[in-house]
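Reading through the structure tokens given below for one structure.
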Amino acid sequence: MQTHLIEFREEGLYCPQADIYIDPWKPVPKAIVTHAHSDHARWGMQYYLSHPLSEQVLRYRLGQDIHLETLPYHKKLTIHGVSISLHPAGHIPGSSQVCLSYGGERWVVSGDYKLEDDHLSTAFEPVPCHVFITESTFGMPVYRWKDQHSVFEEINAWWQQNQQMGKTSILSAYSLGKAQRIIQHVDPSIGPIYLHGAVANVSEALRQNGLPLFQASKLPSKIDKTEIVKSLIIAPPSALNSPWIQKLRPYSTGIASGWMAIRGTKRRKSADRGFVLSDHADWEGLNQAVEATGAQKIYVTHGYTASFSRWLREKGLEAQEVDTLYEGELAEISESAPDN
Ligand SMILES: [Zn+2]
Ligand SMILES: [Zn+2]
């Protein structure tokens, strides 16, 4: 009988041999956190283990006094005989896949991941294993991403067009990961780039952790009208529906998200433009990642879990969907920005 290195419990993913949870959604004594997005990194754990790049954001979001230890990529930590290591997931800065080895078995929990190198996060690295626990946020064949360079060209063109019409460009993006990815890659020669407070705070936390980020400043409370219409402002999704945006009129709004790939989503989301930019793997990426692990057994945690696991079974793998409280990129559109 196979040794189970992960059990799916009411509190979250649990490794009984090491007595530690991974991204639990209920308060537990010990938790490994794959990355600092709010559906994976929750409040109330007595002990947290994460990659060093997640540290300042976790402290900023969960409290400066949390008990947190960090583990760099590829370094091994042994707990009750279980060897634990973190490997780049390419999702956002610091995002990690968790590899657990015990008694000749190796299980990998991916957290969220993407395969395209975004030149901000450490690029995804496949980890050979027996059992792979994957997300499937965009686990349908309709989701195919263009390379990010062409998406940034679209954003640059939209920004320039807005300038010509005398409108401020307000681009909504999840404040951790997506926002910094945009700041790093849009063309700063077009005009000034300003950040909503939530994005500025998260960026600052990442900078404190040593991530070399392009300096973009927080939107000042008093700002010259001629300056503002030339600018690109990066804000969390919740800001588009808040009073904050009113003082920036006239403006044009955009959303950068994988969901923009689907016609109709854009219309429902009250933004003028949609840019298809995701920090999750597309259909091709999910399939490549699963294949690269060589795993025979796959658990699918969030997204299109039923259809993706069915597809994997048709390919001859042992695949099963599991219920979790991870939200995928849904959180990205409805982010409540507790850090506004
Ligand atoms: Zn995430
Ligand atoms: Zn997620």
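Every number for a ligand or one of its atoms is a count from 1 in the order of the listing. Numbers here are sequence positions counted from 1.
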query: Out of the N/O/S atoms in His35, what is the name of the one closest to the Zn ion (ligand 1)?
result: NE2
Tyr14 and Val28, any side-chain heavy atoms less than 4.5 Å apart: no
Considering only N, O or S atoms of His40, the one closest to the Zn ion (ligand 2): NE2
statement: Here the N/O/S atom of His37 closest to the Zn ion (ligand 1) would be ND1
task: Using a cut-off of strictly less than 2.8 Å, determine whether Asp112 has an N/O/S atom near the Zn ion (ligand 2).
output: yes
message: Ignoring hydrogens and geometry beyond distance, is a side-chain donor-acceptor pair present between Glu105 and Thr3 at under 3.5 Å?
response: no
field: Minimum heavy-atom distance Pro88-His74, with the two atoms named
entry: CD-NE2, 4.0 Å
field: the Zn ion (ligand 2) to nearest N/O/S of His280 less than 2.8 Å
entry: no
- request: Work out which heavy atom in Trp159 is nearest to a heavy atom in Ser231; give both atom names and the distance.
  value: NE1-C, 3.5 Å
- request: Would you kindly check if the NZ (Lys) or CZ (Arg) of Lys30 is within the cone defined by 45 degrees around the ring axis of Tyr47 and under 6.0 Å from the six-membered ring centre?
  value: yes
